[in-house]
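In what follows, residues are counted from 1 in the order of the sequence shown. Just follow the structure's listing: the first ligand is 1, and inside any ligand the first atom is 1. What you see is a predicted model; the values in this text were computed from it and never measured.
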Amino acid sequence: MTSPEHHQESVSVDGERPTKRPVPCPVCDASDEEVLYEPTVEVRDPGLLYGAASGIRGTQRLVTCRRCGMIYESPRYPDEVIFAGYASSEESGHDSQHPMRVRSFRRALEKLARHLPPSGSKVLDIGCAGGGYLEAAAAFGYEAVGLEPSRFLVEQGRQRGLQVEAGSIESHPFSAGSFDLVSFWDVLEHVPDPKAAIVEAARLLRPDGVLLINYPDIGTWQARIAGRRFWWILSVHLHHFSRRTLAEACRRSGVEAFVYRRYWQTLQVGYLQDVGVQLGVPLGRLLRRLTPRAVRRLPLPYYASQTTALARIVR
Ligand SMILES: [Zn+2]
């Protein structure tokens with residue numbers, strides 16, 4: 001997600017400048033790609049690239065896999081550089097929209113209710129940020145636990161009275177088969193190895209559990225029209241799934257995606273305007289100046305090419 005204000009620690013790995021390296025397709029493992037977009041700016045500070053939820057535009061070389069159609073960043077920085085960036089993240093702007101996010105998550109759960117485990121089930125949210133989804137899940141009747149790599153956000157979730165563990169999908173305290181629903185809300189496009197993340201999430205599920213994956217979908221017609229200006233093309237997004245490539249990543253990880261729904265989000269007009277200005281939307285500053293304060297506070301539901309997929313373990 002995007003945010004107009006953030007505080008970053010700079011990240012250094014052994015005091016050396018990290019170098020980008022070619023990576024194989026995160027879905028089919030082939031090294032058979034063609035260039036989709038070349039970078040237009042060079043930014044070498046991992047804190048800037050990965051320290052904020054939104055990241056920067058135009059820094060990546062995006063390629064398309066000739067075998068499976070997956071779009072991903074290659075070459076890219078080593079995993080430890082990316083993780084160090086995420087761990088330093090402090091997102092106060094992102095968090096200002098917390099009540100709005102809770103509302104959006106709640107609505108998404110209600111829309112998907114008939115495919116989801118019943119009230120009282122144990123759910124885990126991987127990469128829970130400020131805990132918006134945990135609050136919505138609790139209100140939905142779930143016993144909700146979160147996992148979050150950013151120390152700042154772990155504290156924030158706990159201050160809200162939520163159960164949040166510090167860690168990541170690669171390193172966490174949970175045991176196999178202990179959840180009925182495991183979710184990745186806008187996370188899978190950030191992790192260096194999305195298939196390994198799906199495999200681990202599936203391992204944490206009971207055999208009849210459900211895996212929820214919300215992701216920016218590069219296969220929508222809105223994304224196709226936007227082309228290289230697709231708003232989710234940001235330094236923090238290493239991968240760009242479509243329904244087809246997400247289904248393939250799931251299939252190769254032992255789960256089957258069975259439902260896809262558009263994800264409608266509600267945020268305040270003013271916050272969206274700030275994000276627009278940050279992303280350089282034409283006339284963004286002028287528009288923001290002309291908007292009355294009362295209007296800036298209004299909730300605005302919008303669809304920005306995000307998709308929520310549900311998957312189950314293949315037996
Ligand atoms: Zn591929």
Inset, instruction - Go through the steps for S242 and T245 under the test side chain to side chain donor-acceptor pair (under 3.5 Å), then give the verdict. - result: CA-CA 5 Å; S242 63; T245 52; 3.2 Å; yes

Inset, instruction - Taking the six-membered ring for Trp and the single ring otherwise, decide whether the centroids of W185 and F105 are under 6.0 Å apart. - result: yes

Legend entry - Neighbouring protein N, O or S atoms of the Zn ion (ligand 1) [cut-off: under 2.8 Å, no waters]: C25 SG, C28 SG, C65 SG, C68 SG

Legend entry - side chain to side chain contact (heavy atoms under 4.5 Å, CB included) against R106, all qualifying residues, sequence neighbours excluded: E110, A136, A139, F140

Legend entry - Set of residues satisfying side chain to side chain contact (heavy atoms under 4.5 Å, CB included) with respect to R228, sequence neighbours excluded: Y37, T40

Legend entry - Non-neighbouring partners of A197 that pass side chain to side chain contact (heavy atoms under 4.5 Å, CB included), sequence neighbours left out: I169, F184, L188, V191

Inset, instruction - Find out whether R76 and R21 are in side-chain contact, i.e. whether some heavy atom of one side chain is under 4.5 Å from a heavy atom of the other. - result: no

